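Before any comments, here is the structure.
Lettering of chains follows the sequences in order, A, B, ..., and the numbering in each one begins at 1. The structure presented is a predicted model; accordingly, all values stated were derived computationally and were not measured. All values below come from the heavy atoms of this structure, side chains included, with hydrogens, waters and symmetry mates left out.
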Amino acid sequence: MTFDINKIRSDFPILQRKIYDKPLIYLDNAATTQKPQIVIDRITDYYTYENANIHRGVHYLSQIDTTAFENAREHIARFINAPKKEEVIFTKGTTESINLVAASFGRKILNKGDEVLVTAMEHHSNLVPWQMLCYEKEARLKVIPFNDKGEIDLSTYQMMLGGKTKIVALPHISNALGTINPVKEMIRMAHEKDIPVLIDGAQALSHLIVDIDDLDCDFYCFSGHKAYGPMGVGVLYGKTDHLNFMDPYQSGGEMVEYVSLYETSFNEIPLKFEAGTPNVEAVLGMDAALHYLEETGLDAIAAHEKDLLAYGTKKLQKIKGVHIYGTASEKTAILSFLIDDIHPFDAGTIIDKFGIAIRTGHHCAQPVMNKFGIPGTIRASFAMYNTREEIDKLAEAILQVKKMFA
Amino acid sequence: MSIEEIQEQIITEFSYFDDWLDRYNHLIEMGKSVPLINEKYKTKNYLIGGCQSRVWLHAAMKDGLIIFSAESDAVITKGIVNLLIRVFSGQTPDTIIDADISFIDKIGLKEHLSPTRSNGLMSMIKQMKLYALAFKTKSANQ
Ligand SMILES: Cc1ncc(COP(=O)(O)O)c(C=O)c1O
């Protein structure tokens with residue numbers, strides 16, 4: 001399969017846009033990716049020709065929709081190589097998936113004095129739900145540290161896995177530093193002690209091949225919108241035994257099997273966890289996005305992004321005063337940096353004027369910033385449609401920033 | 001000068017720059033001359049909420065007029081807060097409370113007006129007006 005960057009760029013209509021009369025250079029892909037035309041079309045087609053509520057009608061449209069919806073589930077299960085399609089639960093996104101596990105699984109297994117392990121590089125989404133749960137249960141949250149490069153030390157991790165550890169929650173990829181964590185090994189180590197592991201895969205899905213069966217994780221969470229799909233939809237993968245053990249997260253329609261006025265029996269998984277009308281358009285849009293990823297080829301995308309990362313790292317390192325945070329040897333195409341002691345907000349305001357979308361701030365990972373003793377960083381995060389030329393423009397913008405704030 | 005006149009003055013000043021670069025360079029210059037807050041007020045109590053750059057704002061009443069001072073860790077934010085101080089400092093509580101701030105839009109810094117903008121221009125204006133209100137209430141009670 002050849003990787004045709006021009007064809008890819010033409011598939012994303014927003015890339016034709018001008019911002020302040022300059023071509024948009026979109027480097028905020030870790031926040032959300034842009035959508036290819038086929039995803040947009042899928043959503044429009046759904047409302048133009050197919051709209052109906054699913055799972056509850058005998059009429060034609062409801063039936064084809066239910067089929068499309070369940071086919072999407074099957075496709076997504078295949079995409080992440082989940083053992084069973086019933087193990088794929090649709091949620092609003094990563095945040096909801098993690099909250100669901102904390103509420104329906106964590107709350108059930110955690111007792112006073114137990115421990116939950118997270119890393120010091122969590123997005124707040126994979127930190128705050130565990131903090132709150134630990135507070136409620138009088139359990140302890142323990143934090144696995146990382147070194148100056150942004151890497152977790154496995155021997156420290158090994159020591160922290162103790163008799164009281166009831167769950168480990170890890171990011172597959174750090175959104176602030178780009179580190180790809182050795183999750184497979186970390187899952188294996190936890191499993192040796194029978195400790196279940198949740199992986200926050202929000203940043204991973206669009207950058208590398210996620211193979212659930214191979215990882216053997218207990219839970220895996222991601223959002224459609226960070227993988228070229230729509231907002232408002234995500235997935236919780238969970239092992240069947242866990243999902244059966246867990247209580248429903250929300251209650252209402254769809255998730256029930258039989259309801260009388262005083263008693264209810266719950267539906268089987270996955271519907272047990274999908275109360276109410278789901279976001280059908282977004283599920284179908286996410287399905288289309290994953291087709292697009294498959295057609296383009298994740299290997300080819302990863303190779304392209306690796307080139308961008310190497311090129312960008314070199315380019316930025318050549319600029320005096322630029323300091324990159326997160327230099328793990330296993331890294332995705334995220335460049336988090338500061339320019340001398342220029343405040344990221346100042347730098348970001350000027351870079352924006354070049355039509356370049358980058359992110360400044362703490363990236364919802366304040367503990368990471370605290371570790372480095374900085375208020376935040378400037379983050380350029382790349383996707384399949386970015387080019388070396390765009391990185392050159394970013395470098396020009398940085399030089400301008402240096403000139404203005406020197 | 002009245003609040004209106006000062007706003008007009010700033011608009012004229014910025015009208016000499018026809019591209020964004022010069023406007024921002026001017027803003028950066030403005031940031032350097034902000035009446036700095038006394039170090040002892042650089043505490044949580046004087047911090048204006050806004051997640052990206054920190055802004056401390058202090059107000060004192062002198063002869064019926066409010067005097068502002070401020071500081072920020074970002075230079076552009078300092079420039080913006082200084083513009084506001086030029087407009088509001090030395091005015092009476094009532095004129096501050098009633099003031100219509102229209103110059104920001106006219107000097108090509110409209111993007112800073114969006115309520116979600118993280119430098120918190122809106123919060124700065126709001127905070128200044130709150131100070132004015134507080135002083136007004138205080139003097140009315142005396
Ligand atoms: C690592 C990581 N986890 C979780 C999230 C939260 O994702 P969402 O806002 O889609 O729920 C993000 C998004 O920024 C992320 O980068």
Hey, are the side chains of A/Gln400 and B/Leu21 touching, using non-hydrogen atoms and a 4.5 Å cut-off? yes

Do other residues, nucleotides or ligands put more than 12 heavy atoms under 6.0 Å from the NZ atom of A/Lys403? no

Stepwise side-chain contact (heavy atoms from CB on, under 4.5 Å) check, B/Val75 with A/His343: CA-CA 8 Å; B/Val75 182; A/His343 196 283; over 6 Å; no

Separation between CZ (A/Phe405) and OH (B/Tyr24), nearest 0.5 Å, reads 9.5 Å

Flag yes if more than 12 heavy atoms outside A/Arg9 fall under 6.0 Å of its CZ atom; otherwise flag no. yes

Above 12 or not: heavy atoms from other molecules or residues under 6.0 Å from NZ of B/Lys129? yes

Does atom CG (B/Asn141) have a neighbourhood of more than 12 heavy atoms from anything else shown, all under 6.0 Å? yes

More than 12 foreign heavy atoms under 6.0 Å from NZ of A/Lys402: is that the case here? yes

Rounded to the nearest 0.5 Å, how far does CG of B/Asp19 lie from OH of A/Tyr20? 14.0 Å

To the nearest 0.5 Å, what is the distance between CH2 (B/Trp20) and CD1 (A/Ile350)? 5.0 Å

Smallest separation among heavy atoms of A/Asp346 and B/Ile76, with atom names: OD1-N, 2.7 Å

